[in-house]
Amino acid sequence: MTQIAEVIVDVPTMQTNRPFDYAIPASLTKQISPGMRVVVPFGKRQLQGFVVAITDQSSFEGTLKEIVAVVDLRPVLNHELLQLSQWLAQSTFAFWISCLQTMLPSVMKASYEKTVRLEPTADPKLATELFQGKQEIPFSEATNLTSAHKLLQLQKEQQVEIVYHVNNRAHKKMLKGLLPTKSVAECEALKANLTKSAKKQALLLAYLTSVAGQTEAIAYQQVLAAVAVSRETLRTAAKKGWFKEVAIEQYRDPYAGHTVEHTRPRVLTAEQAAAVTQISQAVKESQNEVYLVEGVTGSGKTEIYLQVIQDALKLGKTALMLVPEIALTPQMVNRVKGRFGERVAMLHSGLSTGERYDEWRRIERQEAQVVVGARSAVFAPLSHLGVIIMDEEHETSYKQDDMPRYNARDVALWRAKYHNCPVILGSATPSLESRARAQKGVYHLIRLKHRVNDRPMPEVTVVDMKNELKKTTEGNFSELMLTQIRQRLIRHEQSVLMLNRRGFSSFVMCRDCGFVLKCPNCDISLTLHMDTHSMKCHYCGHEEAIPKVCANCHSHKIRYYGTGTQKVEAELKELLPTARILRMDIDTTRRKGAHEKILNQFGQHDADILLGTQMIAKGLDFPDVTLVGVLNADTALGLPDFRASERTFQLLTQVSGRAGRADKKGEVVVQTYNPEHYAIQLARHHDYEGFYKREMTLRHQGNYPPYYFTILLTASHEEENLAAKKIFQLMNQLKPVLSQKAIILGPTPRAIARVNRRYYYQMVIKYKNEPNLNAELTKIMQDNQETKKGIQISIDREPLSFI
DNA sequence: AGCACGCCGACT
DNA sequence: GTCGGCGTGCTC
């Protein structure tokens with residue numbers, strides 16, 4: 001009976017979002033298995049696809065086509081990851097093929113090429129005129145020289161053939177090497193037969209004697225370094241059969257040249273030790289539990305992670321540790337590499353595609369048992385997972401904002417369930433979703449109340465910028481901030497200044513009283529739309545005129561708010577001409593490695609002040625930094641997002657953690673127009689629990705997460721009215737399916753309504769329990785593909801940004 | 001996504 | 001008459 005493979009083909013559309021059946025030719029039956037990539041005919045073309053199952057019958061009525069080739073010797077996706085891909089596709093409303101591809105290094109995605117090949121029977125004139133003596137030319141080149149029609153005609157006349165190529169872009173770095181085949185005795189015999197003048201060959205044979213019996217291949221490089229013979233001697237020796245010449249696969253080592261200092265486990269505090277004991281027990285007993293580790297910066301979360309990993313390794317299990325991209329600093333990498341050495345694989349955006357592929361293969365071959373990486377590392381092909389760790393669990397970068405729109409936290413929880421292993425979610429400022437689950441007892445809450453060595457928390461001073469403006473002319477620096485920076489300059493200590501760029505000039509605020517215009521229906525800040533010269537709420541669509549006077553204090557100093565890093569740098573240079581300033585923002589860190597370079601410079605005290613955007617809030621730990629200044633704490637508060645307070649609290653807490661070390665006390669100065677705002681006041685007192693309680697009350701009142709689930713639906717079209725029409729139609733389609741308890745916000749135009757010549761309209765569904773919602777949303781995705789007409793629809797489950 | 005098929009207007 | 005524009009439907 002012929003075997004049949006169910007294949008997901010590389011065509012990301014709704015119509016092809018299902019397995020297609022292919023016959024497995026007899027020659028391939030032995031080597032093919034689910035999780036392998038294959039090349040299959042699809043229409044006229046050839047495509048790459050993934051075998052997701054093997055069966056012996058098909059419901060397809062026609063005759064099945066045969067699989068052309070198998071790409072992999074071994075499956076690139078195991079049973080777990082195949083199942084995960086299916087779940088991911090369903091839960092994020094993405095194409096299955098997109099999910100399969102995001103789980104693998106990008107080089108494993110096929111590239112396609114279309115060429116025209118000359119048939120032997122062709123007119124000789126064609127060979128010179130069109131093909132210029134070549135046998136095969138790219139299709140695009142052919143159409144440049146002649147018309148597409150003419151080519152088709154030539155194809156019908158069997159003068160040319162149109163060929164579709166599927167290229168594998170992943171290339172392994174190969175080295176030539178030798179594999180010893182002769183025994184010691186054989187080597188001695190060969191040596192005895194040599195003429196006296198054959199000194200080099202004698203040397204080589206002596207070497208071969210020393211490695212006789214070794215089953216591992218030795219790279220030529222290594223041989224040449226050990227023995228004074230030339231490449232040519234090796235070549236002739238190989239011909240004579242003294243050894244076997246083999247190709248050795250070489251991993252690109254992204255850390256070559258870096259020396260990593262070996263580190264030992266540190267002595268734990270009582271709190272840390274209790275945490276490690278509890279979690280390691282769960283690792284040992286394969287319990288699928290989630291531990292939320294809530295601890296301020298400096299409470300030693302990383303050491304807990306490392307020791308739990310160590311315990312997992314001792315049990316022969318593996319560990320996955322996820323870290324936000326910006327926190328993957330050399331300091332962080334060295335700490336893990338220093339502890340586990342060769343057993344660690346790193347996956348982050350700093351690697352070249354080739355290096356990433358090599359790290360992935362080291363994991364896949366079980367040569368690495370610990371994986372540290374950013375979002376996509378959650379798909380690392382580790383088997384026997386003992387623990388999954390997600391540091392800075394609240395970070396929004398764990399959510400991917402294009403297809404598939406997955407949150408690495410959900411994937412981590414899924415994998416932990418599959419492997420029956422614990423998950424550690426760590427943060428100084430947990431997301432309300434996670435903290436609330438800990439409250440309900442779904443997660444175990446582990447609170448670290450003390451810092452290692454009982455270091456005091458830095459003192460935070462809040463400066464009310466409304467008063468400052470009355471004192472001086474408009475500027476970004478308060479008197480206190482300047483005094484503090486000057487003090488650091490005198491003491492040869494360093495300062496870190498953060499300019500919050502979130503919500504840059506998108507909202508209007510009164511400079512006298514800090515009043516921000518809010519929507520009367522939603523209690524969400526209104527967004528300034530310069531295109532329509534109005535203030536809009538893009539939750540409910542409310543619109544009003546841009547105010548000329550403050551509705552609260554009738555001041556005329558109401559304006560949109562924001563400033564750039566360059567401007568601040570210039571201002572700072574004028575105020576403090578002697579200070580050496582380093583600027584770190586998107587502009588100065590665009591080049592690869594620039595980020596690291598700036599931090600190194602600052603670490604070597606090449607500058608007194610580091611001025612930057614949010615990116616400086618994480619991962620940097622410099623002993624001489626005793627002042628952290630936040631220039632504008634409240635810009636994010638003005639954002640039309642119910643998570644605005646949460647973000648502000650998290651950011652302030654995080655930057656505060658950058659100030660001061662064991663020996664030098666740190667200070668934090670926060671400038672704001674909203675000094676009484678609870679997010680700022682509670683951050684000032686390092687009171688996460690207080691913030692959690694306060695914010696939960698507000699979320700409860702506003703019917704927001706974690707009390708409600710959310711879905712963001714977006715429709716876009718080049719013509720505004722068509723996009724609007726579609727979103728209203730979708731709302732009408734969904735309404736009858738939803739219960740009375742579901743809340744629909746909108747539809748409204750998106751804050752930046754037009755992007756890339758397309759208009760965007762969106763609506764938000766808030767719900768608690770809607771059994772029919774998933775099916776209807778899936779239907780919407782399918783229907784839309786059939787009646788497209790230029791309309792694009794996207795569905796985002798639990799979006800982290802509503803802008 | 002491509003590619004074919006089909007139908008319509010604009011030309012050698 | 002035919003070339004080439006794009007709307008529609010299919011790919012195991």
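Order of the sequence lines fixes the chain letters, A, B, ..., with proteins taken first and strands second; residue numbering starts at 1 for each chain. Hydrogens, waters and symmetry mates are skipped; everything else that's a heavy atom, side chains included, is used. Because the structure is predicted, anything quoted here is derived from the model rather than measured.
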**Prompt:** Ring centres of A/Phe642 and A/Tyr708 under 6.0 Å apart?
**Reply:** no

**Request:** Figure out the CG/C1' separation between A/Asp21 and C/dT11, and round it to whole Å.
**Result:** 13 Å

**Prompt:** How many Å lie between CZ on A/Arg45 and C1' on C/dC10, as a whole number?
**Reply:** 11 Å

**Prompt:** How many angstroms lie between atom CG of A/Leu722 and atom OH of A/Tyr759, to the nearest 0.5 angstrom?
**Reply:** 12.0 Å

**Asked** What does A/Tyr164 touch in the nucleic acid at a heavy-atom separation under 4.0 angstrom: a base, only the sugar-phosphate, or nothing?
**Response** sugar-phosphate

**Request:** Check whether any side-chain nitrogen or oxygen of A/Lys114 sits under 4.0 Å from OP1 or OP2 of B/dG2, and answer yes or no.
**Result:** no

**Fill in**
Which of C/dC12, B/dA1, B/dC3 is nearest the side chain of A/Lys44? It is B/dC3

**Prompt:** Are the ring of A/Phe42 and the base ring of C/dT11 both nearer than 5.5 Å at their centres and tilted by less than 30°?
**Reply:** yes

**Complete:** A/Asp10 atom CG is separated from B/dA1 atom C1', nearest whole Å, by 9 Å

**Asked** With a 4.0 Å cut-off on heavy atoms, is A/Tyr22 in touch with a base, just the backbone sugar-phosphate, or nothing at all?
**Response** sugar-phosphate

**Fill in**
Separation of C/dT11 atom P from A/Gln15 atom CD, nearest Å, is 11 Å

**Item:** Ion pair check, A/Lys399 and A/Asp796, cut-off under 4.0 Å
**Value:** yes

**Asked** CZ of A/Phe20 versus P of B/dG2: gap in Å, rounded?
**Response** 15 Å

**Prompt:** When the distance from CD1 of A/Ile97 to P of C/dT11 is rounded to whole Å, what number comes out?
**Reply:** 18 Å

**Prompt:** Counting any heavy atom closer than 4.0 Å, what does A/Pro41 reach on the DNA or RNA strands: base, sugar-phosphate only, or nothing?
**Reply:** sugar-phosphate

**Message:** For A/Glu359, is there an ion pair with A/Arg362 - N to carboxylate O distance below 4.0 angstrom?
**Reply:** yes

**Asked** A/Ile8 CD1 to C/dC12 C1': how many Å, rounded?
**Response** 12 Å

**Asked** Could you give the CD-to-P distance, from A/Gln48 to C/dT11, as a whole number of Å?
**Response** 22 Å

**Asked** Got a salt bridge between A/Glu719 and A/Lys725, using NZ or NE/NH1/NH2 to carboxylate O under 4.0 Å?
**Response** no

